Chemist: 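Please find one structure pasted underneath; my questions will follow.
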Amino acid sequence: MGKSLLKEAQQDRLRLGKYEFTSRLFVGTGKYPSMEVMRDALEASGTELVTVAVRRLSLKDRPRESLLDYIDTDRYTILPNTAGCYNAEEAVRTAHLARETGISDMVKLEVLGDERTLLPDPVGTLEAARQLVKDGFTVLVYTTDDPIIAKKLEDLGVTSVMPAGAPIGSGQGILNKNNIRIILENAKVPVIVDAGVGTASDIAIAMELGCEGVLLNTGIAHAGDPVKMAGAMKQACEAGRLAYLSGRIPRKLYAKASSPEKDF
Amino acid sequence: MGKSLLKEAQQDRLRLGKYEFTSRLFVGTGKYPSMEVMRDALEASGTELVTVAVRRLSLKDRPRESLLDYIDTDRYTILPNTAGCYNAEEAVRTAHLARETGISDMVKLEVLGDERTLLPDPVGTLEAARQLVKDGFTVLVYTTDDPIIAKKLEDLGVTSVMPAGAPIGSGQGILNKNNIRIILENAKVPVIVDAGVGTASDIAIAMELGCEGVLLNTGIAHAGDPVKMAGAMKQACEAGRLAYLSGRIPRKLYAKASSPEKDF
Amino acid sequence: MGKSLLKEAQQDRLRLGKYEFTSRLFVGTGKYPSMEVMRDALEASGTELVTVAVRRLSLKDRPRESLLDYIDTDRYTILPNTAGCYNAEEAVRTAHLARETGISDMVKLEVLGDERTLLPDPVGTLEAARQLVKDGFTVLVYTTDDPIIAKKLEDLGVTSVMPAGAPIGSGQGILNKNNIRIILENAKVPVIVDAGVGTASDIAIAMELGCEGVLLNTGIAHAGDPVKMAGAMKQACEAGRLAYLSGRIPRKLYAKASSPEKDF
Amino acid sequence: MGKSLLKEAQQDRLRLGKYEFTSRLFVGTGKYPSMEVMRDALEASGTELVTVAVRRLSLKDRPRESLLDYIDTDRYTILPNTAGCYNAEEAVRTAHLARETGISDMVKLEVLGDERTLLPDPVGTLEAARQLVKDGFTVLVYTTDDPIIAKKLEDLGVTSVMPAGAPIGSGQGILNKNNIRIILENAKVPVIVDAGVGTASDIAIAMELGCEGVLLNTGIAHAGDPVKMAGAMKQACEAGRLAYLSGRIPRKLYAKASSPEKDF
Amino acid sequence: MRLRINGETETYPDGITVRELLDSLGTGNRPVAVELNRKVLPGNKLKEQILREDDSLEIVTFVGGG
Amino acid sequence: MRLRINGETETYPDGITVRELLDSLGTGNRPVAVELNRKVLPGNKLKEQILREDDSLEIVTFVGGG
Amino acid sequence: MRLRINGETETYPDGITVRELLDSLGTGNRPVAVELNRKVLPGNKLKEQILREDDSLEIVTFVGGG
Amino acid sequence: MRLRINGETETYPDGITVRELLDSLGTGNRPVAVELNRKVLPGNKLKEQILREDDSLEIVTFVGGG
């Protein structure tokens, strides 16, 4: 980017509760070929917020290294998720455990409805969100693209609504732009697309719609070259944001010449 | 971008005849609010190749300044177009005039079929391309997304085939990905999408398909903030290229969790 | 249709609780230019099930004629809706009132979340559905295209799940085929697309996905020629059903000749 | 259809040269599982115009039966094609041979550019069309969706322009609605979509755009049940035509209730 | 006596039944349903149900809807 | 005499007409068209056209196509 | 004494604290959280919390997730 | 002498060269190309090419275009 644009980009910050971010790309830490690839991909992505999952400490084979050995917590804000929870109680319990590690008071709330599709359960999600807000968490909530549910979540006091563009890991991008538009029309909190991103243009499209950010994992971790794809996602996120701020030209069946009429 | 990616990007160069480019974004110089905005937009876009049109010198009001006062020809390669030509003879004549300025031996060949839609006339385009190749030009040819015409043009010896994603200035992006895919399957010369780009994601999509570059004008010049949009287009072009080189994940109806199964 | 196809179509019946239908097109009775146009459109549509709304009897100007004077209840099954209800209690109350008319024990359950978008409120809808099933209604329930909510409704014992293809009256067709596909994968009750249909092909697409039927109102009532459009919708519904039963050819980038290779 | 609609449909006839048709669906005779299935599919499709190919008479194994034993030429107008011709001369020769059978003076002109994709060669197509019009044929010409080529063909005096919705046998429907719209805006002759139809809704969409008819073969012949699919295509063609004539409702992000506001 | 019907205050002879009220409203044989003091009145009770001073009724019927 | 028919060399009695050839090929009343020595033969000339040694014919008919 | 840790039965010296248990498990300075008898144990209580016979613990940490 | 330049009729001193004409038009060092009597004039001929009565010239330069 040119210098002035760069400067401007520095000032176009995303505020989530008491946190503030320059990068609008949030990246997951699961399913990479190796810890090293994950570390390099996170760096290439330019992200400042990474999600992690909560799981049992293994007693038998004590791993000499842990995930956080590869994540510089001075550099990245940690966003624990409640992945794998299929009801509100489990999700709330998981969020509290995550907080007691002292690493973060943020939580990416997921209450899943179905082990096959991993789609969110709106009812359990609402119940858990109510509790976690009451318990003082900074709640970023994974949900469907249902504008009514999104509004209910916002009214409960969550910090960010995170509609799925498409099912987790499906790589289909944003399947229903219409719903995302309606959510954005209503929302007073940042809307962050979470899940469904398959390639860079999917992120650009989400940002061009006016979303405040994008969260993804599989799209990078399972790409042929995760580190390079992370770079692609970074560029696409910045591209989409800039395009949104710039104001695109309208769509037409056909239009006008970009060169003047010939005159000789 | 991370350092190593940056280095790699430096080496991922596009060769067009005897010219070589690091940036795969080509930008037009028409229809900007002002010469200053154009100059800044070109800079923000990171382009190394800019298109210009050939028109009569004005005798009456001798403009104190000319387009090229705002385009550093040490920095930008100049690509004169034959915009406004509706038959092969005019296009050939225009190309020769452009070359005699001594500025460039490249030409962006356009033979238009229709003043309303500004769609290319494949027949006139083939005729002019044959002649210009014979006359030793480096011919980049604007055409439809018709794979058969694209192949005929390549067989004539043009340097690049430039199918329209959508009509000039329509801002509709790539209307027929299927045709672009078929063109790419056949092509041995670089395929550059020319015309139709409305916003950043359109460029990312073109590059993700495997196009070697994108040329646009209106999408930047008529954006609410042309300089910022130029930056967006730059990022999107790099994003799409990187994503293409990385290898995206497949599309599925739904998929697998990016967090391991919960176990506590 | 040919005779044999016609015969087969007769036998391809849709069962909803104790009711059975040959036509898979359900039509609303609101917003027509006149009662006569409505009557003729219903006839042209070939529908056997029409929806009606419940409203206060007007005391002041006693209309000499009522809606049902234009609907032959021997010919059409009546499906009262709970349109305009924004919570479960109201919807349940409205359903009971409708049933006490003695006209029908079916109800099209709608609990809306928002007066602007008229999108369903999944939470209120679940609550009302539970009660109405308990009260012995044949419940057809209007919902979003959220597969998890659809499954919860089915588990409550509703007779049909009716996801919106797009917001009521938006005429955008089926915005998220992926979700409809997932709903169909899971569903053991008939899935009927309700709302969003703008033109005939939207219905064909819904039926080709495997939906058991389509319900619409505005797409007919507000068409330039409602009666003719009703005929179009009828044909499209039959077309889509037949195509689904026939088994379509796969999609390919390109394919084989339908004429043999030339040999002379 | 209702009686009045049926009557109206009878009068909504398509004129091609000196021929007139009530059905706007044209069907090919290639690639069916058997002659009997073809015959029944043609009947189920309601078509009045069937395409055939010209090939060498087999000397060795003299087939006891020929294609036309299964096609009642009193009922169906025969449209010989020039399939398999890769240049104008061959196509013209084939058309003349077809005419000398005395069966038809119509020809479906195809000049293909490529054996792999079977896409038309616009240059050869123009050359052959010029000759065949001069030779007094009723020329229906298969072409790309390029509006400029379509206009050139019309200007040569062809009876109908038949753009491909997608490559032959690809089953992808209409890939570029924008181009079809532009062709329709310009055309003074009937525009008939030829090739690309995969399922019923594809036909409805083509007709809703304002096309005068649709020609297909593989979509029926290779369907799981060709006869049933032929019935689907018939219904879809009528549906799309009626919808086009009716005038569809506009698309909106969201809209108005089809039931009045609740008042009790 | 005074009755509250669909939000309006109306006066009717004492002891009138719901069915009689409906007839007086000319609902004829068109389908209607009645809420009496916020309780849905079973259709088969219309005939016998006698109204009292200050009863509140909601009388609904079917209109066009989707 | 020798005739070249659809790429094959065949032997037929001298002076045979195209129509007679077609009948011998059993084309019956099915629609065919003939190219004689690379020239399209008008349908109404089949009867009178007499074939000569080494004439080359292409005989075509209709088959299924799209 | 017997402890139930992450579903396994383990034996540890009486009166051990949670912190000591964690150290013996070699969690080092990696982030962990503990549920003691199905109740989340505040992080600042790890040091002082003494374990008793048959206590049941869930010890969790962070792994890769999206 | 009379010259036809870009559609206008202008008067210039006899024997002027194209280069001199361009200078008088103040094209300075901006890129231009010239067609003399419908023939493209090679850029390296501008200096030596002498104009004659009624010569017709098209002088073009670059403007913004896409």
Side-chain angles (χ1 to χ4, degrees), chain C residues 1-2 5 28 30-31 43-44 53 55-56 81 83-85 116-118 167-172 198-201 204-205 208 217-219 221-225 228-229 231-232 235-236 238-240 242-243 245-264, chain D residues 1-2 5 28 30-31 43-44 53 55-56 81 83-85 116-118 167-172 198-201 204-205 208 217-219 221-225 228-229 231-232 235-236 238-240 242-243 245-264:
Chain C
M1 281 192 277
L5 276 180
K31 302 166 75 181
E43 169 160 11
R55 293 295 178 269
R56 263 181 176 171
N81 68 30
C85 296
R116 203 167 83 273
T117 64
L118 299 171
I168 290 176
S170 68
Q172 297 202 87
T199 184
S201 52
I205 288 167
E208 286 165 353
N217 186 333
T218 311
H222 279 194
D225 180 337
K228 192 173 288 176
M229 186 59 92
Q235 304 276 79
E238 293 167 3
L242 280 171
L245 296 173
S246 305
R248 62 158 291 155
I249 58 173
R251 286 185 179 78
K252 303 173 188 167
L253 190 60
Y254 44 79
K256 291 277 134 287
S258 42
S259 305
E261 287 306 292
K262 197 155 155 308
D263 59 2
F264 62 94
Chain D
M1 280 191 277
L5 277 179
K31 302 167 75 181
E43 168 159 12
R55 292 296 178 268
R56 265 181 176 170
N81 68 30
C85 295
R116 204 167 82 272
T117 64
L118 299 170
I168 290 175
S170 68
Q172 298 203 89
T199 185
S201 52
I205 288 166
E208 285 166 353
N217 187 334
T218 311
H222 278 195
D225 180 337
K228 192 174 287 177
M229 186 58 94
Q235 303 276 81
E238 294 167 2
L242 279 171
L245 297 173
S246 304
R248 61 158 291 155
I249 57 173
R251 285 186 181 76
K252 303 173 188 167
L253 189 60
Y254 44 78
K256 293 276 135 292
S258 42
S259 305
E261 287 307 292
K262 197 155 155 309
D263 58 2
F264 60 95

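Reminder, nothing fancy here: chain letters follow the sequence lines and each chain counts from 1. These numbers come from a predicted model, not from an experiment.
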Chemist: When only pairs under 4.5 Å are counted, which of C/G30, C/G219, C/A200, C/G28 shares the most heavy-atom pairs with chain D?
Modeler: C/A200
Chemist: For D/P260, is it the side chain, the backbone, both, or neither that has a heavy atom closer than 4.5 Å to a heavy atom of chain C?
Modeler: both
Chemist: Looking only at non-hydrogen atoms, find the nearest pair between C/I249 and D/T218 and report the distance.
Modeler: CG2-O, 3.7 Å
Chemist: Please rank C/G224, C/A221, C/A239, C/G84 by heavy-atom pairs under 4.5 Å with chain D and give me the top one.
Modeler: C/A239
Chemist: With a 3.5 Å distance limit and no angle check, can you tell me whether D/E208 reaches the backbone of C/S201 through a side-chain donor-acceptor pair?
Modeler: yes
Chemist: I'd like to know if the side chain of D/R55 and the backbone of C/F264 have a donor-acceptor N/O pair within less than 3.5 Å.
Modeler: no
Chemist: Minimum heavy-atom separation for D/T199 to C/A243, with atom names?
Modeler: OG1-CB, 3.5 Å
Chemist: Between the side chain of D/R116 and the main-chain N/O of C/Y254, is any donor-acceptor distance below 3.5 Å?
Modeler: no
Chemist: Which of the residues D/A236, D/A204, D/G171 is involved in the greatest number of heavy-atom pairs with chain C at under 4.5 angstrom?
Modeler: D/G171
Chemist: Where does D/D263 contact chain C at under 4.5 Å (heavy atoms): side chain, backbone, both or neither?
Modeler: both
Chemist: If we define contacts as heavy-atom pairs under 4.5 Å, which of D/P250, D/G198, D/A83, D/C85 has the most with chain C?
Modeler: D/G198
Chemist: Among C/S259, C/G240, C/A53, C/A232, which residue forms the greatest number of heavy-atom pairs with chain D at distances under 4.5 Å?
Modeler: C/A232
Chemist: Measure the spacing between CE of C/M229 and OG of D/S246 and express it to the nearest 0.5 Å.
Modeler: 4.5 Å
Chemist: Is chain C contacted by the side chain of D/L245, its backbone, both, or neither, given a heavy-atom distance below 4.5 Å?
Modeler: both
Chemist: Can you tell me how far NZ of D/K262 sits from CZ of C/R56, rounded to the nearest 0.5 angstrom?
Modeler: 9.0 Å
Chemist: Heavy-atom distance under 4.5 Å between the side chains of C/K252 and D/P167, does that happen here?
Modeler: no
